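Worksheet for the structure shown next.
As the structure is a computational prediction, the values presented were derived from the model and not from experiment.
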Amino acid sequence: MPLWAPGSAAPLLLLLLLLPLLLPPPSAQAQPGGRYSREANEGAPAEFRLQRLEQLWQKAHRLHLSAVKLAELHSDLRIQEKDELSWKKLKAEGLDEDGEKEAKLRRNLHVIMAKYGLDGKKDAQLGGTNFIKDGLENDVLDDPRLEKLWNKAKASNMFSEEELEKLRREFTHHKEKVRDYHLLLETVSRTEDISKNVIQPLEEDVLKEELLHQKHRELKEKLQSINQGFERLRKVSHQGYDATSEFEEPRVIDLWDMAKLGNFTEQELESLREELKHFEAKVEKHHHYQKQLEISHEKLKHVEGMGDKEHLSRSKEKYSVLEGKTKELGYKVKKHLQDLSGRISRGLQHNEL
């Protein structure tokens, strides 16, 4: 006996009942933001081999960080992953007995989490902030002196829009240096507290004491860099940029100031100067890609609202290529910076011995 009579409405009713089962779940349907949205990202293969880094990457998408912030975070996490995997190999070979490298990796991860508002603290940066247009408007500087200098610079009419953007980068860089300093200070303080509670110092405790001295030197270098950086920000905010200045990028200025204090020969300094010029050009290229990525992101959101599938497909493809280039160049810039900082720091330490 048939389940329904010919010509009845039963087949249509059955189809309507089954329709929700045939459709993909809402999370699998197209969402605003396309392939770079959180929903699309969660369905994609893992970006990172280490689970906790992948979790941070997913959390960043849930917080809706801007396209530029995501690209920056990707570079930082990629370097962190490479360093952690190298450390695991060293540990397996028994080459990090004092745990110094592990502590540094942990501190670096804390810096990354704080930088992108992934540490759950109240002063976390808003993901919706437009990294290029808003600048420091929605970013907390955590220091009334910096707020005062920044507001003075904006109101002075001494700076072009491009110069204000450059100055904004200097303020952001300074804030990150201060944050890094406090994290290192916290690590050193905890280590000192543990050392004080040791009744009979053993050989490994003597080794830790030497490491503490090294960390105090590092703290001294960082504090010196912070003080120099603040003086520079104060001077630039009041007087504007010096057209004859050798370097413009804040990180390059810091490195050059450090190099001049180090134990380098004239020939070595000249070689460093040339390398810093090449590095600064690379950084500027990265800033250009960041701006283009943000513009592409805004265009893509606009095209999505128009409903033109062909146009949307082309825009997504362009965005994807630009996103990849920005991530890759960001990674190269940060690795180059890491290498330069290490070499110059070793020159400073040698100068103190």
Side-chain angles (χ1 to χ4, degrees), residues 22-48 53-79 81 112 115-118 124-139 160-162 164-166 168-169 172 281-335:
L22 298 173
L23 289 173
S27 62
Q29 296 177 32
Q31 297 286 336
R35 68 169 294 279
Y36 58 92
S37 68
R38 175 174 64 87
E39 291 83 357
N41 186 72
E42 287 179 345
E47 286 279 338
F48 301 98
L53 300 187
E54 179 65 21
Q55 288 172 345
L56 286 176
W57 178 244
Q58 296 295 344
K59 182 177 181 179
H61 279 270
R62 289 195 297 273
L63 291 175
H64 302 293
L65 294 185
S66 70
V68 171
K69 287 285 188 185
L70 282 174
E72 283 285 282
L73 173 61
H74 191 276
S75 299
D76 283 333
L77 290 179
R78 189 175 162 192
I79 290 174
E81 181 171 63
I112 292 171
K115 180 180 177 181
Y116 296 98
L118 301 174
Q125 297 177 22
L126 296 175
T129 299
N130 185 317
F131 183 72
I132 299 301
K133 294 179 183 176
D134 292 346
L136 288 172
E137 299 302 324
N138 295 318
D139 192 7
S160 65
E161 187 175 338
E162 185 178 330
L164 267 181
E165 166 63 18
K166 184 168 68 174
R168 182 201 62 76
R169 294 204 300 265
T172 302
K282 191 185 292 184
V283 171
E284 285 303 316
K285 185 178 179 181
H286 182 222
H287 287 318
H288 171 75
Y289 272 107
Q290 285 182 314
K291 290 179 182 178
Q292 294 305 309
L293 180 66
E294 194 64 47
I295 292 168
S296 177
H297 182 265
E298 293 301 316
K299 285 182 178 178
L300 189 50
K301 287 197 293 187
H302 175 70
V303 171
E304 280 179 331
M306 296 170 59
D308 185 338
K309 291 184 179 179
E310 187 178 343
H311 192 183
L312 179 59
S313 178
R314 288 198 305 269
S315 296
K316 282 184 178 181
E317 187 177 348
K318 287 180 181 178
Y319 177 87
S320 179
V321 171
L322 192 55
E323 182 187 40
K325 286 181 178 179
T326 306
K327 285 179 180 177
E328 186 60 30
L329 188 54
Y331 172 75
K332 289 178 179 178
V333 164
K334 287 170 192 271
K335 284 300 292 179

Any side-chain heavy atom of K299 sitting closer than 4.5 Å to one from Y319?
no
Can you say whether the rings of W57 and H74 are parallel (under 30°), tilted (30 to 60°) or perpendicular (over 60°)?
perpendicular
Tell me which one of H61, Q55, E54 satisfies side chain to side chain donor-acceptor pair (under 3.5 Å) with Q58.
E54
Starting at NE2 of H302, measure out to CG of L312 and round the result to the nearest 0.5 Å.
12.0 Å
Strictly distance-based, threshold 3.5 Å: is any side-chain N or O of T326 a donor or acceptor partner for the main-chain N or O of L322?
yes
Residues forming a side chain to side chain donor-acceptor pair (under 3.5 Å) with R169, sequence neighbours excluded:
E284, H287
So, are E165 and R168 salt-bridged, with charged N and O less than 4.0 Å apart?
yes
Give the minimum heavy-atom separation between V68 and Q290, together with the two atoms involved.
CG2-O, 3.2 Å
Test side-chain contact (heavy atoms from CB on, under 4.5 Å) on S66 and H297 and set out the steps.
CA-CA 9 Å; S66 70; H297 182 265; over 6 Å; no
Going by side chain to side chain donor-acceptor pair (under 3.5 Å), name the residues that satisfy it together with K59, two or more places apart in sequence or in a different chain.
none
Who pairs with E310 by side chain to side chain donor-acceptor pair (under 3.5 Å), at least two apart in sequence or on another chain?
R314
Shortest non-hydrogen contact between L73 and L65, atoms and distance
CD2-CD1, 4.4 Å
Please tell me if the side chains of F48 and L56 come closer than 4.5 Å, counting only heavy atoms from C-beta onward.
no
Just how far is it from atom CG of L63 to atom CG of L70, taken to the nearest 0.5 Å?
9.5 Å
Any non-hydrogen side-chain atom of K115 less than 4.5 Å from a side-chain atom of D76?
yes
Drop me the distance from K335's NZ to S75's OG, to the nearest 0.5 angstrom.
12.0 Å
Within the distance-only criterion (no hydrogens, no angle test), does the side chain of S315 pair as donor or acceptor with the backbone N or O of H311 below 3.5 angstrom?
yes
Please tell me whether H286 and Y331 form a close aromatic pair, meaning their ring centres lie under 6.0 Å apart.
no
Evaluation steps, side-chain contact (heavy atoms from CB on, under 4.5 Å), between Y289 and L293:
CA-CA 6 Å; Y289 272 107; L293 180 66; over 6 Å; no
Return the set of residues passing side chain to side chain donor-acceptor pair (under 3.5 Å) with E328 (not counting sequence neighbours), or none when no residue passes.
R78
Within the 4.5 Å heavy-atom criterion, are Q292 and H288 side-chain neighbours or not?
yes
So, using side chain to side chain contact (heavy atoms under 4.5 Å, CB included) as the criterion, who are the partners of K282 when residues are at least two apart?
L329, V333, H336
Quick one: do E72 and K334 satisfy salt bridge (Lys or Arg N to Asp or Glu O under 4.0 Å)? Show the steps, please.
CA-CA 10 Å; E72 283 285 282; K334 287 170 192 271; 3.4 Å; yes
For K325, what residues pass the salt bridge (Lys or Arg N to Asp or Glu O under 4.0 Å) criterion, not counting sequence neighbours?
none
